[in-house]
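Data first, discussion second: the structure below is written as structure tokens.
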Amino acid sequence: MTSSSAPSGPSTAESALLTPSAHLRRDMVVAISAIVVLLAVGFILRFAPIDVAFSNAVHHLHVSALTQVAEAFYRSLKPLPAAGIMIVATVAVGLLSRRWQVALAFFGGVAVTWGLAEAAKLIVDRPRPGMSEAMTQAVGATADPSFPSGHVAFTASFAAVLICALWTTRWRALGIVVGVVLVVGMSVSVVAIGVHYAGDALASIVWVAGVYPAVRAGGAMLVIPRVERAIRRSVSSRGR
């Protein structure tokens with residue numbers, strides 16, 4: 001009696017962050033299309049700000065508890081704290097997975113997706129909403145452009161990569177819940193405290209949904225294998 005062979009395909013222990021995409025070209029087309037469309041929408045909103053009325057309505061709800069929580073959430077994910085959180089999370093992912101490739105895919109997925117959104121802000125150059133002096137003191141000066149929201153882009157990028165990292169584990173449902181709460185919470189926060197328009201927050205979510213799959217697929221198929229080969233060549237040359 002012969003034992004049955006294991007099924008082919010990626011192991012269930014393999015991180016989804018490293019699984020090559022079967023549709024890399026499609027992912028790239030979707031990402032490029034999302035970037036082009038969102039840049040166009042950004043320019044439209046810059047000159048025809050149709051989301052101002054709704055944004056002002058949310059900002060002027062004057063729910064003190066919501067505003068305090070929103071301000072704290074916003075301050076906790078400014079660029080420097082966000083970068084620190086990303087580094088700590090990357091180290092944790094590397095230690096838990098015991099694979100530097102997973103850690104690299106985690107860090108790269110957040111950094112590239114978030115970084116591209118920050119670059120789009122400079123291209124569109126939509127002015128920020130007019131903030132009161134008290135609000136400026138609470139959240140700090142925000143001289144950078146408004147579309148898309150960098151805070152929401154970081155949060156959505158982090159959530160997407162976290163969900164992907166947990167996709168093949170028993171923690172997948174928890175990752176989805178945490179990710180959704182973070183993204184919704186930050187999206188409401190930036191509009192409630194008046195540092196972004198609603199269109200800025202929504203654009204960041206669409207940006208990550210369109211761009212991250214291509215970033216993940218490109219990293220898994222192109223970047224990480226090349227880095228791995230370079231490391232192996234370096235180790236081999238040292239051993240000679």
Side-chain angles (χ1 to χ4, degrees), residues 15-46 50-51 54-55 58 73-74 77 82 85-86 89 93 105-124 126 145-169 171-191 196-223:
S15 172
L17 292 173
L18 301 177
T19 304
S21 173
H23 307 285
L24 179 59
R25 182 175 298 179
R26 183 193 64 186
D27 293 336
M28 293 297 180
V29 170
V30 170
I32 294 171
S33 300
I35 291 171
V36 171
V37 169
L38 287 173
L39 288 177
V41 170
F43 282 114
I44 292 173
L45 291 177
R46 177 181 173 183
I50 58 176
D51 56 343
F54 176 77
S55 303
V58 174
F73 196 20
Y74 181 87
L77 288 180
I85 291 171
M86 189 168 67
V93 168
F106 186 94
F107 182 89
V110 178
V112 174
T113 308
W114 177 30
L116 290 173
E118 291 290 341
K121 290 175 68 172
L122 300 178
I123 296 172
V124 175
R126 185 188 193 188
S146 190
F147 182 99
S149 165
H151 274 68
V152 178
F154 170 78
T155 307
S157 299
F158 188 90
V161 179
L162 177 65
I163 292 170
C164 189
L166 297 176
W167 194 254
T168 57
T169 74
W171 303 105
R172 176 170 64 183
L174 177 61
I176 293 173
V177 171
V178 170
V180 170
V181 169
L182 287 174
V183 173
V184 172
M186 182 56 75
S187 299
V188 173
S189 294
V190 297
V191 179
H196 279 290
Y197 298 107
D200 304 336
L202 179 60
S204 295
I205 297 173
V206 177
W207 180 280
V208 173
V211 172
Y212 174 63
V215 172
R216 189 212 66 80
M221 189 173 293
L222 302 173
V223 178

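Since this is a predicted model, take the numbers as computed values, not measurements.
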Would you mind reporting whether [Y] and [X] have side-chain heavy atoms less than 4.5 Å apart?
X      : Y      : result
Pro213 : Val30  : no
Tyr197 : Leu45  : no
His196 : Ser146 : yes
Val152 : Trp207 : no
Tyr74  : His151 : yes
Leu39  : Ile123 : yes
Leu166 : Leu174 : no
Val93  : Phe107 : no

Query raised in the report: Does any N or O in the side chain of Arg216 come within less than 3.5 Å of the main-chain N or O of Thr19, such that one atom is a donor and the other an acceptor?
Result: yes

Query raised in the report: Are the aromatic rings of Phe158 and Phe106 close, with centres under 6.0 Å apart?
Result: yes

**Report entry** All side-chain hydrogen bond (donor to acceptor under 3.5 Å, both in side chains) counterparts of Ser157, not counting sequence neighbours
**Finding:** none

Query raised in the report: If you count the non-hydrogen atoms of other residues, nucleotides and ligands that lie under 6.0 Å from CD1 in Ile50, is the total more than 12?
Result: no

**Report entry** Between OG on residue Ser204 and NZ on residue Lys121, distance to nearest 0.5 Å
**Finding:** 8.0 Å

